[in-house]
Amino acid sequence: MIVGLTGGIGSGKSTILEYFKSFGVPVYIADDEAKKLMNNSKIIQRKLIKLFGEEAYVNGTLNRPYLASKIFNDKTLLSKMNAVVHPKVGAHFKQWLNNQDAEYVIKEVAIIFENNLQNQYNYIITVVADEDLRTQRVMKRDNVSKEKVKAIMKNQWSDEDKIAKSDFVIVNNNLQEAKKQALNIHNMLLKILKR
Ligand code: ADP
């Protein structure tokens, strides 16, 4: 069984994922794997250079700031980049999944509903937190301005819209409370699997 874990920037996805990992659940972080593949796959490298030019890589390493600046205001280019990277991540995930031997796995994906990918999951957990808290967290974590965080948030669905389509919600305004909710959901999922 595949459970998707999503949530807006700064909601605490990575933090919550660590809790599930500590409960023994195998976890897959789609963004991290995408980054690895963009750095290591020769096919992706070739296609991205075709799309973005030679500057896409510096000494064989992905030039992330350059790509980010290119795609931020260009949805067409973003779709083209996704069309190169997403199928590769999908194949890598399938391979990873085949090697897992657990009741269920969790795949962390920042954007599920925005890309209409909810059907790829048996259940979806959405992590939410107050917008002010999320903004403060990201400003501190990434050392970026408030405006930058708000601009990223503008491209993501609101918590309300995500909650409406989710099976489980974790409110992460407080770590201890969030961990309790994660454990409850874990136990519920195990119960569902035993039915
Ligand atoms: P996401 O993966 O959703 O972007 P993170 O898990 O990276 O979010 O959390 C963003 C930042 O906020 C991290 O630096 C994390 O340590 C911190 N953080 C997460 N949850 C809480 C919380 N409940 N209280 C305080 N800080 C938190």
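Whatever order the structure lists ligands and atoms in, that order sets their numbers, starting from 1.
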*Asks:* Which one of Gln100, Glu33, His92, Lys107 satisfies the side-chain hydrogen bond (donor to acceptor under 3.5 Å, both in side chains) criterion with Tyr28?
*Replies:* His92
*Asks:* Taking only non-hydrogen atoms of Gly7, do any sit less than 4.0 angstrom from ligand 1?
*Replies:* no
*Asks:* Counting each atom of ligand 1 from 1 as listed, which ones have a heavy atom of Asn172 under 4.0 Å away?
*Replies:*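 Those of ligand 1 that fall under 4.0 Å from Asn172 are 19 (C), 20 (N), 21 (C), 22 (C), 23 (N).
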*Asks:* Tell me whether Lys148 forms a cation-pi arrangement with Phe72, defined as NZ or CZ under 6.0 Å from the six-membered ring centre and within 45 degrees of its axis.
*Replies:* yes
*Asks:* Which is closest to atom 6 (O) of ligand 1 in terms of heavy atoms, Thr15, Leu5, Ile9?
*Replies:* Thr15
*Asks:* Lys150 and Glu147: salt bridge (Lys or Arg N to Asp or Glu O under 4.0 Å), yes or no, with the steps?
*Replies:* CA-CA 5 Å; Lys150 296 282 183 197; Glu147 289 67 39; over 6 Å; no
*Asks:* Contact between ligand 1 and Ala178 is defined here as a heavy atom of the residue under 4.0 Å from a ligand atom; is it met?
*Replies:* no
*Asks:* One pair to check against side chain to side chain contact (heavy atoms under 4.5 Å, CB included): Phe113 and Ile124. What are the steps and the verdict?
*Replies:* CA-CA 10 Å; Phe113 301 117; Ile124 295 182; 3.8 Å; yes
*Asks:* Would you mind checking which non-hydrogen protein atom is closest to atom 22 (C) of ligand 1, with the distance to 0.1 Å?
*Replies:*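 The closest one turns out to be Arg137 NH2, 3.4 Å.
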*Asks:* Enter the distance from Ile112:CD1 to Asn119:CG here, rounded to the nearest 0.5 Å.
*Replies:* 11.0 Å
*Asks:* Tell me whether the centres of the aromatic rings in Tyr104 and His186 are closer together than 6.0 Å.
*Replies:* yes
*Asks:* Using a 4.0 Å heavy-atom cut-off, which part of Asn174 comes near ligand 1: side chain, backbone, both, or neither?
*Replies:*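 Backbone only.
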*Asks:* Give the atom numbers and elements of ligand 1 that come within less than 4.0 Å of a heavy atom of Gly12.
*Replies:*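 Reading through ligand 1 atom by atom, the close ones are 1 (P), 3 (O), 5 (P), 6 (O), 8 (O), 9 (O).
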*Asks:* Among all the protein's non-hydrogen atoms, which is closest to atom 2 (O) of ligand 1, and how far away is it?
*Replies:*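 It is Ser14 OG, 3.0 Å.
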*Asks:* Output the list of atoms in ligand 1 that are nearer than 4.0 Å to some heavy atom of Leu175, sorted by atom number.
*Replies:* 20 (N), 21 (C), 22 (C), 23 (N), 24 (N)
*Asks:* By number and element, which atoms of ligand 1 are closer than 4.0 Å to a non-hydrogen atom of Gly8?
*Replies:* 3 (O)
*Asks:* Have a look at ligand 1 and work out which part of Arg141, if any, has a heavy atom under 4.0 Å from it: side chain, backbone, both or neither.
*Replies:* side chain
*Asks:* Which residues pass the salt bridge (Lys or Arg N to Asp or Glu O under 4.0 Å) test with Asp167, sequence neighbours left out?
*Replies:* none
*Asks:* Answer whether the closest heavy-atom distance between the side chains of Arg134 and Asp130 falls below 4.5 Å.
*Replies:*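 SC-SC contact between Arg134 and Asp130 ruled out.
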